[in-house]
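Structure record follows, encoded as structure tokens.
Residue numbering restarts at 1 for every chain, and letters A, B, ... go by the order of the sequence lines. The analysis underlying the following values was restricted to heavy atoms, covering all of them including side chains, and did not include hydrogens, waters or symmetry mates.
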Amino acid sequence: MSTAAFKFGPGDFEQVATERRTQTLSRPSVSYWQDAWRRLKDNRRALISLWIVIALALFTLAGPLLWRVDPAAQDLDQVSQPPGLPQVAVIVEPYVPWAGIMATPVPGTAETLAAATPEGLRLVEPATTQAVRLAWDPVPGASGYRLYRNIFDPEPDGAVGLPVAEILDPGQVSFEDRLDLEPARYWYSVFARDEFGAEAGDYATVTVDATRVVSAAEAETLGWIGAAAAVALGDEIVLPYHPLGTDYLGRDMLSRLMYGARVSLFIGVVAPLLFVVVGIVYGSAAGFIGGRVDQLLMRFADFVVALPFLLFMILFKIAFGIGPGESGIFPMLVALVLLAWPATARLVRGQVLQIREEGYIGASQLLGAKTTYLVLRHMIPNTMGVILVTLTFAVPTVIFTEAFLSFIGMGVAPPTPSWGSMSNEGLRTMLTHPHELIFPAIFISVTVLAFNLLGDGLRDALDVRMRGRE
Amino acid sequence: MAQNPTTGIPEGSPSGTRGDPARALAADSTTTVPARDPLSRVAIRQIALLAIASTVGFVLLMAGLSWATNLTSSSTATLDAIDVETGTVTLSLTQEPPQLDSTRLTDSVSGRILGHVMEGLLRYDVNNQLAPGVAERWDIRADGATFWLREEARWSDGEPVTAHDFVFAWQTALDPATASQYAFIFYVLKNGEAINTGELPRESLGVTAVSDRVLEVEFEQPVAYFDKLVAFQTYYPIREDFYLSREGRYAADADDMLYNGPFEITVWVHGAHVRLEKNPDYWDRDGISLNVIDFPYITADGNAVLNLYRDGQIAEVNGLGAESLDQVLAERWPVGRYSDGSVWFFQLNHRSDHPTGNYNLRKALQLVNDPGELVYKVIKIPSNTPGESIFPTWLKGEKGLFRQEYPAPTVTPNVTLAREHLEQAKRELGVDEIPPLVLLADDTPGASKQAEYYQNSLMQKLGLEIRIDKQIFKQRLAKVEAGEFDVALYGWGPAFDDPLTFADLFASWNPNNHGEYANAELDAQVRIAQQSTDQATRMAAFGRIQEILFEDVAIIPNYERGQMYIQDPRIRGVARRAVGADPDYTRAYIVTD
Amino acid sequence: MFRYTVKRLIQGVITVWFIATATFIAMHSVPGDPLSGERLANEEIRANLEARYGLDRPLFEQYLIYMGNMARGDFGISFTQQNRRVNDIIREHFPVSATLGILAVVFAALGGILWGALTALFRNRLPDIVIMFLVILGISVPSFVVAALSQLGLTSLNALLGVSILPVAGWGTLLHMVVPSMVLGLGTMAFLTRLMRSSMLEIVNADFVRTARSKGLPPTRIFLKHQLRNAILPVITVLGPAIAAITTGGFVVELVFAIPGLGRYFVQAVQQLDYTVIMGTTVFYGAFLVFMVILVDLVYGLIDPRVRLE
């Protein structure tokens, strides 16, 4: 009871300082992510790659806002135009079909025909990109005529070029060429045909310089000029400018590359995100629950891993099909996710199993941490690095897969552009119009390279073993 | 993709995880090598030695193995596409011939090979005129035909070709168990259709071998063009005892076939190599100049074929694409052209639940269609011509060419008038906007390009939204058959050399009339053309069919297809044709100058 | 060891069953129809065809028949080549793909190890920079572009020299195989170079190397016995999956260089919806992959004593 007599009053207590430094850190505290970022910044290649990735994102997202050209708009007057300066065209009358020139066939013998050369081959009216109209004098004994066109001089070896016309009527001594005319020089050659359809005698050649023309009405329909009435015949107008040239249907390459980037990068980024998320959920579930369930889940993942990837990619692609008007991006995403998730799932499961045994988890549990807390505070942050690296490395793979599918004709549906389908189309014209292949191929390569190097950098930066090293 | 095997998908494969390339790569930035370490200099020398040794070893191994393969292989690789001394021409095929059994043949590559190694009763000569084949003379009547076979006709094992071989082949093609897609081509024979549907036994076919050398044919109805039919590949002979001895493997390999044509297959490595050699038993062997036609390359890749020609490995390139023409001109190669016979058009869906069932909408489409623009600006291959009719220009008419006797009605593109028809169509359909039209196309580059062109052009001219439905070959076929389209890019090639092969396409009973177009007058005209033997009457009927198809806008013609080719100028006498084996080298010869 | 092998083999068989089932389901959910023809005559012709391939039976019955045949190693008859068995097709075309693949792996492994070791020794100097640049190029350009460009380059080279030093396409002699196998192996070679380089770098200053050096061993011996050998180990690990990926990934090279391999056949079969060929090829490749991986694991266990197979 004696203690009861001694009473503490408020005055007996003194507040202890809330902060009391027992130790001081000689260096500022650096979190895991800060440290990683610091090391990433020191890696020049990774940093450049990061900037490239940012630039690509801007190109994709902001590009179309700045360069407002419809990627689907076709300009059939400027097909497969290489990069260069803007083109001009002269305003002319609209195209009117031409009846041609008929003459009475002149009779002749096989001998005279065999020695004959068509004469009087001439341009009937100035050559334009609308039409080139030619006429010549009838050759005695000819059963018809055959015309060739070349973009090179047929001399000295008589390489007359493409057979552009086969005239079976001996009375017809004229020809109108409308095939893919460009403002350039052409050499037209004409042969007389004998009765068996073979070329008789020698050929005559005429050189023609075509000028680029357009009719006012056409220019208005294509939106090149405000109103047809505003221009007069003979005026020169400047055609829409295509800084990176045009493709095989006269579509603007720059704008197609931007929209193609949307498709390629969308698939390249979203598909890995999706299968990584699926993989995280699946893998952490397996790792956490453990035991029989783990065995079962991982066995199933093994099955999926064993499916031949490209073969199944193709199978799924045709199984899902592409409906009318669809781009085919969605089936490709689904197929990718269905096939690619197990890699991440395995990785995450391994990490979870490993982290579960770590001392700090035990400590945390002893302190009464709940599962949710453990997952959010320890598991996810500690696996994040590995996942981020996986994600970065998955992007190039998916971009390549998309390009491969386009190559075998299983890519996105037209008119949707993607870098893969553009490269595949460019492949066919790589000798005559290399820009159609080079640009999309460069974009693929740069993107793949940037993500690979960034992945390397991230892996180095996020590797815990390297913390604090220079 | 082979490109990136380990950073890619296989990283998840069972053994990929253990090696952990990631950790190995990470080491890059951790360790530093003293640059001037004496060790590295030694090592460099070592590596250089190793590199040289392994390169030399590799080359020696290659050389040795290549020498060894040359010892064992029967054929020596010719260095030139044309070998004058041995009479050899080297060519390429676009695909492995899928089916050399004439009763089941459907594709042109098989047709090309088979046309060199087999011969029917009649054949086409170099100028594409009918010529006697196994039959030396024949007589075609309203109710049947008689063929007298030549005595010298031999199979490649020396046995004579008899009338029984034709009876057996034709019965086999019609047998339901054979399941031949081309069985319909025998339906003109008496009981042909009933046998194919299993109602009658195959022996009841109206074809009999009167003797070994006389073949008697009975018709179901008059067939004015039967001489052309018997030149078709499904009508080739097959010898019964040999066919049965192969136990279902007939024509599966080179020695599972008997040949009666100018050549025989001596090598057939599937997917890689087909070699034809002159058949010493062929009756007209003196008319055959080439000894060997070799196809050691099988590829559909246009660039690869051009590279092979440039390298002097093959003597021809078929089906030049528009994009390679400039290169061809720069190389100064001789270019030829010919029509492959096919006609391409919009197959329109006439079912009433499709907007294209409406006449005014179809009329609007017809009025804005500009085949000239398609051919000259989009396809850009000089051998194609703008389409005007379902009947191509090369078809023969009564005396001259059919299209000169019956010119096709033409349409002048007129956007204003087309828009009026479009408004009319909207009123009739009771809609404010025409729902998006589904344009069904193949997944070939050419078809995609055309589909994209039409999508843009119809939007620009009529404000019509087009949804492209691009499908792989078989899926496109299935969709066309099921009628799941509004407009389909569609081509039709001739099965035999008569306008009827195009004319009956839109008869209401024809299963290939996928748009279910039905017109009683057209049906009546088709019946006339089928049953009449008078050419003037038949041509008049075809002329009327051409008009009906135009007036009703049953189809919209796009283009007539032609092929551009490069052929080594040292070869002459190659036949190129719309119907039958193409290109045909049987009577080709090499010139030396 | 024996028990482990048996266990892995049983797992392998189950996996192949899974692949076969997945292929069957995928194949039969594909819209379209392998029997569609360009020229249709009547329903009877179609019915004849369906009966021939058993497509008129219920799906589950088809599955049982298919699994039964497969268990006997019979993949059926091709739809497009009606007188050829799928087994024959695989037997004729797989060796081509395999030959190409093996050559590509040899090329990739030799090249990768050599280049990798070289770059590690010349770290951050000119040879390293040049080689790494080429390697990076090899990894980042799509393979079909590389294949087409190398064919074009070869043609131009032949034209320039006036003689055909190497064939530009086709198959038959070993000369035909040189360029395609190099193109096919390029990606793997680039990857192995990087791997070898870092693996070398890690080992150059390892304790046992330092020990060896301090013992006074000749540098040549150290390089060959201690460094190269150890550096190659991780490279060998990834070779297994690389072989499988290369052998099944020859599509592009086979298409571009006109090589009659199974990959090209598969792409054609898909276009034609040739059910039996597609299923046969997929299951065959799947089984090949599965057993390849098992084999590599077992062999690796024998080579590297540190790996314990449990």
Nearest-0.5 Å distance, CZ of residue Phe144(C) to OG of residue Ser406(A)
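Nearest 0.5 Å value for the CZ-OG distance: 7.0 Å.
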What distance separates Phe251(C) CZ from Leu405(A) CG, expressed to the nearest 0.5 Å?
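Interatomic distance, Phe251(C) CZ to Leu405(A) CG, rounded to 0.5 Å: 10.0 Å.
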Check whether [X] gets within reach of chain C through its side chain, its backbone, both or neither, counting any heavy atom under 4.5 Å.
| X | result |
| --- | --- |
| Leu437(A) | side chain |
| Ile442(A) | neither |
| Phe300(A) | side chain |
| Ile314(A) | side chain |
| Phe312(A) | side chain |

Take atom CZ of Phe330(A) as the centre, draw a 6.0 Å sphere, and report whether it contains more than 12 heavy atoms from other residues, nucleotides or ligands.
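Atom CZ in Phe330(A) is not crowded, with 12 or fewer foreign heavy atoms closer than 6.0 Å.
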Are more than 12 heavy atoms, taken from residues, nucleotides or ligands other than Trp341(A), located less than 6.0 Å from that residue's CH2 atom?
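Counting other residues, nucleotides and ligands, CH2 of Trp341(A) exceeds 12 neighbours.
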Does the side chain of [Y] come within less than 4.5 Å of [X]'s, by heavy atoms?
| X | Y | answer |
| --- | --- | --- |
| Thr15(C) | Asp302(A) | no |
| Ile19(C) | Phe303(A) | no |
| Ile318(A) | Leu273(C) | yes |

Could you pull out the closest heavy-atom pair between [X] and [Y], with the gap in Å?
| X | Y | result |
| --- | --- | --- |
| Gln271(C) | Ile408(A) | NE2-O, 4.2 Å |
| Val30(C) | Ala319(A) | CG2-CA, 3.6 Å |
| Ala148(C) | Leu427(A) | CB-CD1, 3.8 Å |

Give, as side chain, backbone, both or neither, the part of Ile14(C) having an atom under 4.5 angstrom from any heavy atom of chain A.
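Answer is both: backbone and side chain atoms of Ile14(C) are under 4.5 Å from chain A.
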Is Leu255(C) in contact with chain A via its backbone, its side chain, both, or neither, using a 4.5 Å heavy-atom distance?
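Contact with chain A involves the side chain of Leu255(C) alone.
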Is it the case that the side chain of Ser140(C) and the backbone of Val448(A) share a donor-acceptor pair, with hydrogens and angles ignored and the cut-off at 3.5 Å?
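Such a contact is absent between Ser140(C) side chain and Val448(A) backbone.
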Per the side chain to side chain contact (heavy atoms under 4.5 Å, CB included) rule, which among Val145(C), Val252(C), Val267(C) passes with Phe407(A)?
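Checked Val145(C), Val252(C), Val267(C) against Phe407(A); only one passes side chain to side chain contact (heavy atoms under 4.5 Å, CB included): Val252(C).
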Most heavy-atom pairs under 4.5 angstrom with chain C, which of Ile399(A), Leu453(A), Asn424(A), Leu307(A)?
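Of Ile399(A), Leu453(A), Asn424(A), Leu307(A), Leu307(A) has the most heavy-atom pairs under 4.5 Å with chain C.
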